[in-house]
Amino acid sequence: MEGSKGSKRDTVNILGVNIDRLTATEALGRAVDMVRSDGVSVIYTPNPEIVMAAYEDTDFAKILNSADMCVADGIGVVYGAKMQGTPLPERVAGFDLSCGLMAEMAKFGGSVFLFGSKPGVAETAAEKLREKNPGLKIAGTCDGYFSEDDVPKIIEKINVSGADLLMVCLGAPKQEKWIAAHRGELNVKLCIGAGGSLDVLAGTVKRAPDIFIKLNLEWFYRLCKQPSRIGRFAALPRFIGEVHRANKASKRAKKQK
Ligand code: UDP
């Protein structure tokens, strides 16, 4: 599997997942190019939990590596890259990238289809987006709770809508697997796997205050707000441990050469 389009990529491999070495501004520029050119591009936004899932599931790793751009959504990924001596410029939050992209699309009347989250959330997110970005067209919405039998109809709805951008917010790894399975049937220009972004846009989940984001403590805020996610956060120490182990093994191998 290969990304279908896009310029040459400069990536950092972390535990088998290729992450683009881009600033948030550069990533946004790439995303705008993708949404304005033909063919279906794909962007994924892995955090340490997603990288760990891919480390333990080679098929999932192949899916992530089939993207046209993978940005470091979690600060843990940025730390991991630094630890192995291949630094990334900064964290590129999938939510910020998606919002920045839609603001740019509003300037040229681009259209977005919002797919995912509980019934009603995508519609509320659409209203908020319309208020914020008057030039943006909301091509359609669909909730993320469906059966396999519903998929052909969902794809038809997306394609008939004429959307340029498809935000797929089904959570990981469901969204990445869905995009990879249906990329060839979609007529959109860009798909983004954007996790809980629709919940935040709709206001059903609050994003961390700016100070937490600036201090790279957004994960801590989310953990305090949703302690039930503790199991998911346990992936972070495992991720750091595996990066450390992989780093040591690669240094040893270099010495032996
Ligand atoms: N979700 C969905 N369909 C499913 C499972 C989850 O649409 O079958 C939605 C869920 O309602 C939520 C999002 O996927 O809006 C996942 O949010 P989460 O914060 O877990 O995503 P993350 O960004 O952490 O992957």
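Please read these numbers as outputs of a predicted model, since none were measured by experiment. Atoms within each ligand, like the ligands themselves, are counted from 1 in listed order.
- Listed here is the closest heavy atom pair of A125 and L201: CB-CB, 3.8 Å.
- Within ligand 1, the atoms closer than 4.0 Å to a non-hydrogen atom of G116 are 7 (O), numbered from 1 in the order shown.
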Please report, to 0.1 Å, the donor-acceptor pairs under 3.5 Å made by any side chain of residues 102-122, with sequence neighbours excluded.
unit_1	atom_1	unit_2	atom_2	d
E104	OE1	K107	NZ	3.3
E104	OE2	K107	NZ	2.9
S111	OG	G162	O	3.4
S111	OG	D164	N	3.3
S111	OG	D164	OD2	3.4

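- One finds a salt bridge joining E242 and R245 here, because a Lys/Arg side-chain nitrogen approaches an Asp/Glu carboxylate oxygen to under 4.0 Å.
- Taking every non-hydrogen atom of K174 and a distance limit under 4.0 Å, the qualifying atoms of ligand 1 come out as 4 (C), 8 (O).
- The proximity of E176 to ligand 1, defined as any non-hydrogen pair under 4.0 Å, does not occur for either the backbone or the side chain.
- At a threshold of 4.0 Å, the pair D68-R183 counts as salt-bridged, since one of the basic side-chain nitrogens sits closer than that to a carboxylate oxygen.
- Remark: distances from the non-hydrogen atoms of L170 to ligand 1 include one below 4.0 Å.
- Atom 24 (O) of ligand 1 has its closest protein heavy atom at R232 NH2, 2.8 Å.
- Looking from atom 21 (O) of ligand 1 to the surrounding protein, the closest heavy atom is G196 N, 3.4 Å.
- Taking any N or O of G171, backbone or side chain, at least one lies under 3.5 Å from an N or O belonging to ligand 1.
- Set against the non-hydrogen atoms of C169, the atoms of ligand 1 under 4.0 Å away are 7 (O), 9 (C), 13 (C), 14 (O).
- Polar contact check, G144 against ligand 1: a nitrogen or oxygen pair lies under 3.5 Å apart.
- We find the CG-NZ distance between L166 and K189 to be 13.5 Å, quoted to the nearest 0.5 Å.
- Taking 4.0 Å as the cut-off between side-chain N and carboxylate O, D199 and K206 do not count as a salt-bridged pair.
- Taking 4.0 Å as the cut-off, Q226 does not count as a neighbour of ligand 1 on heavy-atom distance.
- On a distance-only criterion, Q175 and ligand 1 share no N/O pair closer than 3.5 Å.
- Checked for salt-bridge contact, R238 and E56 meet the test: a charged N lies under 4.0 Å from a carboxylate O.
- Scanning the protein for heavy atoms near atom 7 (O) of ligand 1, the closest one is S117 N, 2.9 Å.
- Of the protein's non-hydrogen atoms, Y145 OH, 2.9 Å is the one closest to atom 11 (O) of ligand 1.
- For ligand 1 and A172, the ligand atoms under 4.0 Å from any heavy atom of the residue are 25 (O).
- Within 6.0 Å of atom CD in E156, 12 or fewer heavy atoms from other residues, nucleotides or ligands are found, so the atom counts as exposed in its surroundings.
- Checked by atom type, the side-chain pair Q84/T86 shows a donor-acceptor distance below 3.5 Å.
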### Message
Applying salt bridge (charged side-chain N to carboxylate O under 4.0 Å, His left out) to E26 and R21, what does each step give before you reach the verdict?
### Response
CA-CA 9 Å; E26 289 164 346; R21 206 193 305 255; over 6 Å; no
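- Ligand 1 places these atoms under 4.0 Å from at least one heavy atom of D199: 12 (C), 15 (O).
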